[in-house]
Trainee: 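The structure that follows is given in the form of structure tokens.
All residue numbers refer to positions in the sequence shown, counting from 1. Side chains are part of it too, since the values below use all heavy atoms of this structure and drop only hydrogens, waters and symmetry mates.
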Amino acid sequence: MARDISTVGVVGLGTMGAGIAEVLARSGLDVVTVELDEAGVARGRGHIEHSTERALSGGKLDAAGREALLGRIRYGTSLSDLSEVDLVVEAIPESLGLKADVFAELDKITRPEVVFASNTSSLSITEIGVHTARPGKVVGMHFFNPAPVQKLVEIVKTVVTEPEVVTEVVAFAERLGKVPVVIGDRAGFIANALLFGYLNHAVRMYEQRYATREDLDAAMRFGCGYPMGPLALLDLIGLDTAYEILDTMYHQSRNRLHAPAPLLKQMITANLLGRKTGRGFYTYDAPDSPNVVAADVASTVDVSAARPVARVGVVGTGTMATGIAEVFAKRGLDVVLRARSLEKAQASVARVKKSLDKAVVKGKLSEEDAAAALARITPVTDFEALADVDLVVEAVAEELPVKQAVFAALDEVVRPGAVLATTTSSLPVIECAAATSRPADVIGLHFFNPAPVMKLVEVVSTIATAPDVVATASAVCKAVGKHAVHCGDRAGFIVNALLFPYLNDAVKMLEAHYAGADDIDTAMKVGCGLPMGPFELLDVVGLDVSLAIQRTLYNEFREEGFAPAPLLEHLVTAGRLGRKTGKGFKDY
């Protein structure tokens with residue numbers, strides 16, 4: 001029989017505990033909260049009053065509703081105050097010893113049928129539950145921060161949790177207006193297990209000076225549509241919290257990718273914990289402030305040394321090539337579009353026209369501007385027609401011999417001093433440069449698809465690229481309204497190097513039958529605010545493309561954790577490539 005839950009205990013009134021108490025009271029439940037001392041109670045009460053005041057001023061709560069909500073919360077400093085509650089949610093700091101002590105004490109105080117829920121984000125629920133005489137009634141109930149706003153709750157069951165307890169806790173989470181996903185007991189659960197590996201990888205990139213913090217963050221915001229970049233997100237979470245979660249995950253998984261980056265430990269020792277101390281990867285104008293100090297923002301590449309670019313060559317006729325040609329033409333640059341045949345060249349121009357017409361219909365472009373842009377594109381079939389361009393962008397098939405042949409041909413005909421760029425997303429730029437007699441003039445310009453829409457371009461310098469070529473690439477990106485991020489010439493550059501190991505980890509999680517594809521997608525979209533879940537994204541990208549990129553990363557870094565998930569290999573072998581074949585991780 002379903003237990004009646006009308007009064008809930010909350011142990012711990014930090015940011016999470018206070019948020020959970022507010023959620024419970026907002027749902028009409030009576031809440032009994034317990035903190036260590038009166039100072040803790042005052043802090044917790046302050047959190048709740050401040051949060052509800054904001055909800056009031058934002059029109060999400062009226063004055064009477066706020067008063068009623070606050071009236072449903074009682075505060076105390078003794079666990080014995082929880083003797084009559086129907087369920088307890090524990091939200092104290094991430095220490096197994098502390099949590100075990102609290103649960104052992106609660107076991108003596110509360111009625112035997114009362115369910116205990118821990119809000120831990122990474123500790124073992126099994127290890128917490130064994131300190132009670134009711135391990136079957138112990139679950140994880142992992143809320144996300146800020147609890148009043150975030151919808152996801154991970155319900156964590158152990159091997160001994162009673163099935164009816166799981167059912168009741170799921171129903172309880174839904175009663176709170178949350179989206180519950182049920183999972184097994186392993187470090188990081190779904191969201192943190194996938195999120196923190198990615199965050200740690202970003203810290204390592206920054207630590208190795210592969211890219212600046214601004215470029216790392218901008219790459220994931222503009223390239224993947226993430227609400228925040230990885231380093232800004234770590235500052236929000238707190239570097240100490242991130243370290244604890246990673247350390248717990250590493251001790252359980254022994255996966256080197258979960259071993260906290262040494263830089264994290266150094267920053268914690270220096271008390272650079274993120275927003276809460278006013279300084280982490282970024283410097284803020286006050287502790288707990290979201291405002292980055294303007295003087296702290298690193299300067300971008302100096303474009304004063306850039307070479308002039310008025311005429312651009314584009315080699316290729318695929319989606320990327322036509323998209324890039326459109327980008328340049330719309331911004332007033334003359335474009336020479338080289339194809340292998342006149343038919344292909346004309347078909348590409350027709351695709352550009354169709355895209356421009358669509359922009360006119362949507363009111364994003366005038367008919368005159370569309371016609372002028374189209375008139376700037378000249379279709380050609382001979383490499384010689386590129387002789388006098390200032391910049392050539394190669395956008396042919398993602399095969400090294402094909403690209404090298406293009407660069408060798410360009411080297412013969414393009415004037416000295418012109419910049420030669422490749423749009424490769426995963427191949428070594430230096431291999432393209434080596435096919436020429438002018439490696440200093442070669443750079444990577446990785447546009448994202450669809451090029452007319454996506455704002456990001458990864459500017460990839462090789463060890464041979466001249467500084468004024470980097471400046472030229474930056475200036476060109478700015479001129480065509482793109483956001484340039486700079487990185488070195490290694491597999492995956494920034495976006496793919498951070499994105500695909502995360503996607504691969506999601507496949508491994510599914511492969512291990514830890515959670516279903518839909519629950520994993522829900523956890524990442526609802527819990528982390530990502531525009532798509534990993535399996536939705538893999539099906540859109542194409543499983544064959546994803547596997548090729550993952551293999552490239554593994555072959556370059558030889559990192560065991562980057563080895564492609566066998567399930568991904570099997571699906572590609574079976575011809576389940578995602579949306580393009582109608583079947584991938586999901587059926588379409």
Trainee: According to ring pair (Phe, Tyr, Trp, His ring centres under 6.0 Å), does anything in residues 248-267 pair up with another residue at least two apart or in another chain? List the pairs.
Mentor: none

Trainee: Give the table of side-chain donor-acceptor pairs shorter than 3.5 Å for residues 404-413, with sequence neighbours excluded, one pair per line with atom names and distance.
Mentor:
unit_1: Gln404; atom_1: NE2; unit_2: Glu431; atom_2: O; d: 3.2
unit_1: Asp411; atom_1: OD1; unit_2: Ser437; atom_2: N; d: 3.4
unit_1: Asp411; atom_1: OD1; unit_2: Ser437; atom_2: OG; d: 3.2
unit_1: Asp411; atom_1: OD1; unit_2: Arg438; atom_2: NE; d: 2.9
unit_1: Asp411; atom_1: OD2; unit_2: Ser437; atom_2: N; d: 2.8
unit_1: Asp411; atom_1: OD2; unit_2: Ser437; atom_2: OG; d: 3.0

Trainee: Going by ring pair (Phe, Tyr, Trp, His ring centres under 6.0 Å), name the residues that satisfy it together with Phe144, two or more places apart in sequence or in a different chain.
Mentor: His142

Trainee: Who passes ring pair (Phe, Tyr, Trp, His ring centres under 6.0 Å) against His486, sequence neighbours left out?
Mentor: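 Once residues adjacent in sequence are excluded, His486 has no partner under the ring pair (Phe, Tyr, Trp, His ring centres under 6.0 Å) criterion.
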
Trainee: Taking only residues two or more places apart in sequence, or in another chain, which ones meet Glu207 in a salt bridge (Lys or Arg N to Asp or Glu O under 4.0 Å)?
Mentor: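 So Glu207 forms no salt bridge (Lys or Arg N to Asp or Glu O under 4.0 Å) with any residue.
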
Trainee: Can you tell me which residue pairs pass the side chain to side chain donor-acceptor pair (under 3.5 Å) test with a partner in residues 456-465, sequence neighbours excluded?
Mentor: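 Matches after skipping sequence neighbours: His446-Glu458, Thr462-Thr465.
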
Trainee: Are more than 12 heavy atoms, taken from residues, nucleotides or ligands other than Lys353, located less than 6.0 Å from that residue's NZ atom?
Mentor: no

Trainee: Evaluate salt bridge (charged side-chain N to carboxylate O under 4.0 Å, His left out) for Asp390 paired with Arg307, printing each intermediate quantity in order.
Mentor: CA-CA 8 Å; Asp390 307 307; Arg307 302 175 187 178; over 6 Å; no

Trainee: By ring pair (Phe, Tyr, Trp, His ring centres under 6.0 Å), which residues pair with Tyr210, not counting sequence neighbours?
Mentor: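 Checked Tyr210 against ring pair (Phe, Tyr, Trp, His ring centres under 6.0 Å); zero matches.
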
Trainee: Strictly by side chain to side chain donor-acceptor pair (under 3.5 Å), give each pair with a member in residues 526-538 just once, sequence neighbours left out.
Mentor: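 As it turns out, the side chain to side chain donor-acceptor pair (under 3.5 Å) pairs with a partner in residues 526-538, which skip direct neighbours, are Lys525-Glu536.
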
Trainee: Could you tell me whether Arg256 atom CZ has more than 12 heavy atoms of other residues or ligands within 6.0 Å of it?
Mentor: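 Counting neighbours around CZ of Arg256, 12 or fewer heavy atoms of other residues, nucleotides or ligands fall under 6.0 Å, so no.
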
Trainee: Main chain of Leu356, side chain of Glu326: is a donor-acceptor contact present, judged purely on distance under 3.5 Å?
Mentor: no

Trainee: With a 3.5 Å cut-off and sequence neighbours excluded, list the donor-acceptor pairs that the side chains of residues 236-245 form with protein atoms.
Mentor:
unit_1: Asp240; atom_1: OD1; unit_2: Lys276; atom_2: NZ; d: 2.8
unit_1: Asp240; atom_1: OD2; unit_2: Lys276; atom_2: NZ; d: 3.1

Trainee: Check ring pair (Phe, Tyr, Trp, His ring centres under 6.0 Å) between Tyr226 and all other residues, then give those that pass, not counting sequence neighbours.
Mentor: Tyr198

Trainee: Filter on ring pair (Phe, Tyr, Trp, His ring centres under 6.0 Å), then keep only pairs touching residues 529-551, sequence neighbours left out; what's left?
Mentor: Phe535-Phe585

Trainee: Answer yes if the ring centres of His201 and Phe557 are under 6.0 angstrom apart, and no otherwise.
Mentor: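 They do not qualify: ring centres at least 6.0 Å apart.
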
Trainee: Among residues at least two apart in sequence or on other chains, which ones pass side chain to side chain donor-acceptor pair (under 3.5 Å) with Asn145?
Mentor: none

